[in-house]
Amino acid sequence: MINGLLNGVRRLGHRVVDMLWRMGVSTRFFLLLLLHSGQCFRRFHLIIREVFSTGVLSLIIILVSGLFVGMVLGLQGYETLQTYGSEEALGILVALSLVRELGPVVAALLFASRAGSAITAEIGLMKATEQLAAMEMMAVNPIARVVAPRFWGGVISMPLLAALFSAMGILGGWLVGVVLIGVDEGSFWSQMRAAVDFKEDILNGVIKSFVFGVAVTTIALFEGYDAPPTAEGVSRATTRTVVTSSLAILGLDFILTAFMFSGV
Amino acid sequence: MSDNLIEICDLSFAYSDRMVLKGINLSARRGQVIAIMGNSGCGKTTLLRLIGGAMRPTQGLLRVDGVDMGEVDQRGLYRLRRRMGMLFQFGALFTDMSVLDNVAFQLREHTDLPEEMIRDLALMKLNAVGLRGAQDLMPSELSGGMARRVALARSIALDPALILYDEPFAGLDPISLGVTGNLIRRLTDTLGMTSIVVTHDVHESLKMVDYIYFVSEGVIVAQGTPEEIKASELPYVHQFVHGEEDGPVPFHYPAPSYAADLELSA
């Protein structure tokens, strides 16, 4: 009985120590990444290439998802607002939901599963096939040459993808609300324009998606860099990227929302 | 300038508390091809990684081109590595770059040469390994032997003084094996480099190396020229060179008695 309890405490202790150790290593990794970022800004084509592979190649899933989310918002919003006779406010509901919350959060979740997992798998496989070790042996720092451009590529892409997601969502809301259901188009757009504030809503949404971009890309890069160099190790790291990034996005969203919109 | 490019004196290395190398003494003269041989897990790849600066010795002296590898900082290590090439077991080519870009990689990273000159230099290196015609292929389109040759061209891109080869013959067909062996010898002689080859391919190595070190359980158990090794009567060397199943390296992994394992009473 006592032995079982002691073993349980010991296992818990090991887990806590492991977790703290991993946090320390990932923080060191993040700082090294920032330290070696100067070189990739001098060779900006490396970042542009990563913006293409993380951003441009994620466009289809982002645009299609944005459109459907907006269409669902249009339908659900109309149903609710109709009860109170204020269906003209559909434009406000769709725009604020997307710009403040759904745009940054859903785009980041999609980004984590599309681009984040790809980054982890790529870096993990580069490690498993000794490409990173080969780079080290050629006196080229893999953090400066491989990791930093991918980080900045992801950080630049994320706010742009979130903005496109929101724009497509608003288009979807308009399609359903105005074109299909027949909400007054003038009210839809004018109420939206009057209610959405640039600094309060749009800028805060951009800040959110920037923070999510930093979090997702750092997690994806660290998991890939830290993955055991085996097929199983890379597959587990890829799964961990998606799970950890998703939880980080939701947790950070709550904290950021509390600071931005609650007057805390 | 010392005649020895590599000097190792009483070197030991341990992974935490497990000793992997014990009291290693080795030297390699400029222009020589040296083979480090031994059975799997004997510590030869660890020795190669120590020479390449991937790890630091636990004890003893390891000097490469006059640089003390136990003391060198990262900047000094990177400076040294520009004069060093390494061929990994399976090539370790960058899979997102073409063959030509792989070979040009170091030239682009470490020199300010114009792009046309980099292309010409990379093509010359590819020509030296017979693969100029494969310049536009991607690594996934190459056979194992071709990938090894491209990696060899990449490792000589900056005309290094030293090349380290980790199992260059593993998994190659007899033709590719002969081609790779000849290339190592020819490039070493032509470019005046020193080559350290970690391998367990006895027959190919005996044809092209100048000197051989045999490592077993972390210590050097035999050394000599190919002729001396062929004539050696040392049991370990004899077993290794002739590929005998049993000898100083036992066929059976240490285990309790067979009868006890099968629970047979006496």
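Below, chains carry the letters A, B, ... as their sequence lines are ordered, and counting in each starts from 1. Just so you know, these numbers come straight off a predicted model, no measurement behind them.
Neither the backbone nor the side chain of L77(B) comes within contact range of chain A; no heavy atom of the residue lies under 4.5 Å from a heavy atom of that chain. Heavy atoms closer than 4.5 Å to chain A are found nowhere in R79(B), neither backbone nor side chain. In this structure, chain A has heavy atoms under 4.5 Å from both the backbone and the side chain of T95(B). Heavy atoms closer than 4.5 Å to chain A are found in both the backbone and the side chain of M84(B).
Using a cut-off of 4.0 Å between Lys/Arg side-chain N and Asp/Glu carboxylate O, D189(B) and R185(B) are scored as salt-bridged. Under the 4.0 Å criterion applied to side-chain N and carboxylate O atoms, R22(A) and D226(A) are assigned as salt-bridge partners. Classification of R11(A) and D18(A) as a salt-bridged pair fails, no side-chain N sitting under 4.0 Å from a carboxylate O.
With sequence neighbours excluded, no residue satisfies side chain to side chain donor-acceptor pair (under 3.5 Å) with T244(A).
Closest of all the heavy-atom pairs between A108(A) and V216(A) is O-CG2, 4.4 Å. When all heavy atoms are compared, the tightest approach of L102(A) to F165(A) is O-CE2, 3.8 Å.
Within residues 120-141 of chain A, the residues having any heavy atom under 4.5 Å from a heavy atom of chain B are, by residue number, T129(A), E130(A), Q131(A), A133(A), A134(A), M135(A), E136(A), M137(A), M138(A), A139(A), V140(A), N141(A).
Atom CZ of R150(A) sits about 12.0 Å away from atom OG1 of T217(A), to the nearest 0.5 Å.
A centroid separation of less than 6.0 Å is found between the aromatic rings of Y213(B) and Y211(B).
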